[in-house]
Amino acid sequence: MPRKSTYPSTSDQSHQCLQYLQRCGGSTRLCSINFSLGVIQTLVNQKLVKIKNTGAGFFVELEDAK
């Protein structure tokens with residue numbers, strides 16, 4: 001019988017990452033996020049967030065809802 005994973009699933013962490021970004025005003029430095037790159041990549045692929053290079057570092061921003 002397969003064991004149940006004790007680690008949170010990617011979808012749970014991506015939801016937590018979106019909540020974190022909303023609490024930070026919609027944008028934060030990529031180096032300050034404690035979520036895995038896989039979670040961030042999933043959100044980028046779903047077009048929920050974007051990565052922006054400001055010249056002073058990379059920022060993760062919520063995509064504007066249109």
Side-chain angles (χ1 to χ4, degrees):
M1 181 189 292
R3 291 185 180 182
K4 190 173 182 180
S5 175
T6 58
Y7 298 105
S9 68
T10 304
S11 63
D12 292 338
Q13 289 184 353
S14 62
H15 181 70
Q16 290 174 351
C17 185
L18 286 174
Q19 288 179 336
Y20 175 77
L21 286 170
Q22 289 172 347
R23 285 192 307 264
C24 291
S27 178
T28 189
R29 291 181 68 102
L30 182 60
C31 63
S32 68
I33 293 181
N34 291 330
F35 296 98
S36 70
L37 292 178
V39 170
I40 296 169
Q41 184 64 51
T42 300
L43 293 173
V44 170
N45 290 345
Q46 294 174 354
K47 298 186 191 294
L48 297 173
V49 299
K50 60 183 174 182
I51 307 294
K52 185 175 181 183
N53 184 359
T54 62
F58 289 92
F59 281 79
V60 179
E61 297 179 344
L62 290 173
E63 246 339 294
D64 293 332
K66 295 181 180 179

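All of these numbers come straight from a predicted model, not from anything done at the bench. FYI, side chains are in, hydrogens and waters are out, and symmetry mates aren't considered; it's all heavy atoms of this structure. The residues of the chain are indexed from 1 along the displayed sequence.
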Over all heavy atoms of both residues, which pair between [X] and [Y] is shortest? Give the atoms and the distance, please.
X	Y	value
Arg29	Gly57	NH2-CA, 4.1 Å
Phe59	Ser27	CD2-OG, 3.6 Å
Glu63	Lys47	CG-O, 3.2 Å

(request) Nearest 0.5 Å please: distance from the CD1 atom of Ile40 over to the CD1 atom of Ile33. (result) 4.5 Å
(message) Could you tell me if the side chain of Lys52 sits less than 4.5 Å from the side chain of Phe58, heavy atoms only?
(response)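 Of all side-chain heavy-atom pairs linking Lys52 with Phe58, none is under 4.5 Å.
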(message) Can you confirm whether Thr28 sits close enough to Tyr20 that some side-chain heavy atom of one is under 4.5 Å from a side-chain heavy atom of the other?
(response) yes
(message) Check whether Thr42 reaches the backbone of Gly38 with its side chain - one donor and one acceptor, N or O, closer than 3.5 Å.
(response) yes
(message) Please identify which of these residues, Leu18, Leu43, Leu48, meets the side chain to side chain contact (heavy atoms under 4.5 Å, CB included) condition with Leu62.
(response) Leu18
(message) Under the side-chain hydrogen bond (donor to acceptor under 3.5 Å, both in side chains) test against Gln19, which residue among Gln22, His15, Arg23 passes?
(response) His15
